[in-house]
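This chain uses plain numbering: 1 for the first residue, then up along the sequence. Basis for what follows: all heavy atoms, side chains included, without hydrogens, waters or symmetry-related copies.
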Amino acid sequence: MARGSRNLSPMAWVYQTHRWLGLLSGWLLFVICVTGTLVVYKHPLKVWSNPTLVNVPVPDGATTMSPDEALHRFRSAYPQVTPRLLAFPSDAYSIHSYSYAIPGGRAWINPQTGHLVHGLPSDFADFVQRLHAGLWMGGKGRWVVGALGILMFGSLLTGLIFHWRRLGRDLFHLRLRRTAPRKAWSDLHKFSAVWLLGFHLLIALTGAWLGIESLVGLRNPPAPNLVGQERVIDPMPTIERFLSSAHASMPELTPTHINFAAYGQGPSSVRVQGELPGLELVQRGQTMVVMHAEDASLLGVVDRREQGLLAHVLAMMRPLHYGYFGGPWMELAYLVMGAACSMLVFSGLAVWCSREADAMQRRRGNGHAPQAPDLFMARLNVGVTQGLLLSLLLAAAVAQLNWTPWPAHLHSVLGEVRFAASHNLLGDAPVAVELWAFLITWGVLALALSISKKTARAWMLGWLFIALLLVLLPCLSAMSSGGWQADWQRARAEPFWIAMACFGAAVLSLAGAWHMRSRHHINSNQERVRK
C-alpha cells in the first residue's frame, strides 16, 4: 500500500485492493484467459492438428464400422489389454473416430477407412488444455488456478464496488482515438468489464471451483457397480446388446461411449454413457445406464437431475466454464467473450503501467521536460503477453510439422514433436523437451519485445509477427492434408473454420500494427516539437 494508507478512505481501500489483486495475478490470469479461450475449441483443434487421423468427411451419424467390429479390431491389435473404455465417433473426445483405452492413452480407428492409430498423433490441444487447467504443474497447478479464480472474483467485486456510481457512464464511454494511452486503456478496461460482468464472474467462480474441487471433496454420487470374484464370461454379450438394453431403459439417451468395469469377467458392470437431448448443461457423459456384464440386465440408471440440486449444480460446472452447451453459437460467444476477458486483464495491467509512467514523468519535472523512454514494465507487459501469443502460434506450427512434406533432415528434427510426453513440471517423469522449448521461446520473445525503447514499437513488431504466423498456420495445415480442398473437407470442416478464424485474426493483428505505427509517429513528432 502507499504511504499514509492508514488514513485512506473506505473507497480508497477498495481501489487499492482492486489494484493489488490485479498486479499479483495479472500475467498468470492473462495466460489462463487466453488458453481458456482456445480450449473452448479444444476438440476442433484436435481434428486440425491430426490430419492423418480424420482425413475424410464423416457425415452426421454415418459410419461403416459397427461398435462390435471396432472392439474386435482393437482387441486383436491389443490382446493383452483388458477392455476398459470404447468411445464412439459421436463422443466429442473421439473427434469423429472410435477410441479405445490402452495403457498410457488411447488407440484410434477411423470409422470409414478402418485405419488404426496407436496413440493420438498430436497432443497439441491437450498441451494447451494442461496449461490452462494446471499451468503444467499437475494437481497442485489446479489449486493455483483455483486460487487465481478466487483472486479474479475478488478483483471483479472490488472493481464493481469502486465504479458502482459510474456504471451507467462506463457502459457507453469508450475513447480509443486521439486520447492519451492511459485514458484509452482505462476506458477499454471499464467498458469490457461492465458489459461482460456476468460472464467474467461466471468464469471466475466456475474456474475457482474446478481448481479446488479436489480439495473440497464434494463429488457426484458414484454410479452403481459390481465387484466380486473374477471369472470369464463365455459367450460375452455384444456391444449391440448392451446398447439395445440401454435404449430400452432410457430411449432418449444418445450413447457416446461404453465403460467396462471388467468386460468378459464377472460379476461386474458395464456402463453405457451419453447425452440427453435438451440437457446440455450437464458434464459430458454423466448420464448413464448401468448393466450386469453377464447378461446386460439393468442394474441402475444415473440421471444427475434426479440426484438433487447439489449434484445437478456440480454437473453444470464444466459446461458453464468451457461453453459446450447451446451449440455452435454459444461456443462462438464464449470465444468472443473469452477474448474480451483476456483484454480486460491486459488493459488493467496497461492502465497500471501508464499510471506509473505518468508518475515518473511528473517526478522528472513540470511536465514540459523531454519525454523519457517508456517505462520498462510497460514494454515487458507487452513482451510477456505478446510473447505468449507468439509462442502458442509457434507451437501450433510445430504441431503441423509432423505431417508437412519437409526434407528428411528437417522432419527428423521437428516432425517428431507430438506434444505427447510429460508436461508436468512438478511430476516424477522427465519434462518433455517441447515444454522447455516453449518456456525458453516465451522468455526470449518477452525480452526481445521489451528491448525496444518505445511501447508502441514493441506492440507493432509483436502484431506483425502474430499476423505472419496466423497466415502461415492454414498453409501448413493444407500442406499436411494434401491441398486446401482436402484439408477443408476433413471431418466436419473444422479446419476450414479454423483457417477463416486465423485469416480474420491476422487482419485484426495487421490493423493493430498499423494503429501502433501511427501512434509511434505521433509520439515521435510530439517529442521532436518539445525539443
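Across all non-hydrogen atoms, the minimal contact from A491 to V47 is CB-CG1, 3.7 Å. The minimum heavy-atom distance linking S155 with L21 is given by the pair N-CD1, 3.6 Å. Residue E252 comes nearest to P277 through the heavy atom pair O-CD, 3.1 Å, listed as atom of the first residue, atom of the second, then distance. Closest approach of L135 to L148, counting heavy atoms only: CD1-CD1, 4.4 Å. The two residues G285 and H257 make their nearest non-hydrogen contact at CA-CE1, 4.0 Å. When all heavy atoms are compared, the tightest approach of P495 to R490 is CG-NH2, 3.3 Å.
To the nearest 0.5 Å, atoms CG (L392) and OG1 (T35) are separated by 7.5 Å. Here the NE2-CH2 distance, from H321 to W209, works out to 14.0 Å after rounding to the nearest 0.5 Å. Rounded to the nearest 0.5 Å, atoms CG (L298) and CE (M250) are 9.5 Å apart. With rounding to the nearest 0.5 angstrom, the OG1 atom of T206 is 10.5 Å from the CG atom of L201. Separation of atoms CH2 (W48) and CD1 (I498) is listed at 7.0 Å; rounding is to 0.5 Å. The CG atom of L45 lies 6.5 Å from the CG atom of L38; values are rounded to the nearest 0.5 Å.
Residues I102 and Y100 have side chains in contact (heavy-atom distance under 4.5 Å, counting atoms from C-beta outward). Between T37 and I32, the closest side-chain pair of non-hydrogen atoms is not below 4.5 Å. At least one side-chain heavy atom of L320 sits under 4.5 Å from a side-chain heavy atom of F325. Inter-residue side-chain proximity for Y41 and L332 is flagged as met; some heavy-atom pair is nearer than 4.5 Å. Using a 4.5 Å cut-off on side-chain heavy atoms (C-beta onward), H200 and L202 make no contact. Residues V431 and N424 form no side-chain contact, since every pair of their non-hydrogen atoms from C-beta on lies 4.5 Å or further apart. Between L86 and F260 the shortest side-chain heavy-atom distance falls below 4.5 Å. Between M65 and Q112 the shortest side-chain heavy-atom distance does not fall below 4.5 Å.
Looking only at distances, a side-chain donor or acceptor of S90 sits under 3.5 Å from a matching main-chain atom of P255. In this structure, the side chain of H132 engages the main chain of G36 through a donor-acceptor pair within 3.5 Å. Proximity of a side-chain donor or acceptor of W136 to a complementary backbone N or O of F127 within less than 3.5 Å is detected. Distance alone, capped at 3.5 Å, places no donor-acceptor pair between the R75 side chain and the A70 backbone. For S192 (side chain) and H189 (main-chain N/O), a donor-acceptor pair under 3.5 Å exists by modelled atom type. Remark: side-chain polar atoms of S477 are not paired, donor with acceptor, to backbone N or O of L473 under 3.5 angstrom. When atom types are taken as modelled, the side chain of R142 and the backbone of L210 share a donor-acceptor pair closer than 3.5 angstrom.
For Q485, the CD atom is loosely surrounded, since the number of other residues' heavy atoms within 6.0 Å does not exceed 12. No more than 12 heavy atoms of other residues, nucleotides or ligands shown are found within 6.0 angstrom of CH2 on W497.
Of the residues Y322, Y324, Y93, the one that meets the ring-ring contact (aromatic ring centres under 6.0 Å, His included) test with H43 is Y93.
Taking Y78 as the reference, H118 meet the side-chain hydrogen bond (donor to acceptor under 3.5 Å, both in side chains) condition, with sequence neighbours excluded. For the side-chain contact (heavy atoms from CB on, under 4.5 Å) test, residues two or more places apart in sequence or in another chain that qualify with M337 are L196, F199, A333, Y334. Remark: D123 engages no residue in a salt bridge (Lys or Arg N to Asp or Glu O under 4.0 Å) (not counting sequence neighbours). Among residues two or more places apart in sequence or in another chain, the salt bridge (Lys or Arg N to Asp or Glu O under 4.0 Å) test is passed with R318 by E213. Under the rule for a side-chain hydrogen bond (donor to acceptor under 3.5 Å, both in side chains), the partners of W143 that lie at least two apart in sequence or sit in another chain are S214. In this structure, Q386 has no side-chain hydrogen bond (donor to acceptor under 3.5 Å, both in side chains) partners at least two apart in sequence or on a different chain.
For the residue pair S97 / N110, no side-chain donor-acceptor distance below 3.5 Å is found, with atom types taken as modelled. Side chain to side chain, T254 and E275 fail the donor-acceptor criterion of an N or O pair below 3.5 Å. Between the side chains of H96 and E494, at least one donor N or O sits under 3.5 Å from an acceptor N or O. A donor-acceptor pair shorter than 3.5 Å cannot be found between the side chains of D68 and S66.
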*asked:* Under the criterion side chain to side chain contact (heavy atoms under 4.5 Å, CB included), I'd like the reasoning laid out for R241 against L243: C-alpha separation, chi angles, the key distance, then a yes or no.
replied: CA-CA 5 Å; R241 184 175 173 186; L243 294 177; over 6 Å; no

*Walk me through it: do F88 and Y98 pass the test side chain to side chain contact (heavy atoms under 4.5 Å, CB included)?*
CA-CA 5 Å; F88 309 139; Y98 283 106; 3.8 Å; yes

*Verify side chain to side chain donor-acceptor pair (under 3.5 Å) between N50 and S122, making sure each step is shown before the conclusion.*
CA-CA 6 Å; N50 290 281; S122 174; 4.7 Å; no

*Does the side chain to side chain contact (heavy atoms under 4.5 Å, CB included) test come out yes or no for I239 and I258, once each step is laid out?*
CA-CA 8 Å; I239 302 296; I258 185 166; 4.1 Å; yes

*Carefully, step by step, assess R284 and T256 under the rule side chain to side chain donor-acceptor pair (under 3.5 Å).*
CA-CA 9 Å; R284 285 180 172 135; T256 58; over 6 Å; no

_Please determine whether side chain to side chain contact (heavy atoms under 4.5 Å, CB included) holds for the pair W108 and I95, giving the CA-CA distance in whole Å, both sets of side-chain angles, and the decisive distance to 0.1 Å._
CA-CA 10 Å; W108 308 77; I95 52 175; 3.9 Å; yes

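A salt bridge links K46 to D126: at least one charged side-chain nitrogen sits closer than 4.0 Å to a carboxylate oxygen.
A perpendicular orientation is assigned to the rings of W484 and W488, their planes being inclined by more than 60° (bins at 30° and 60°).
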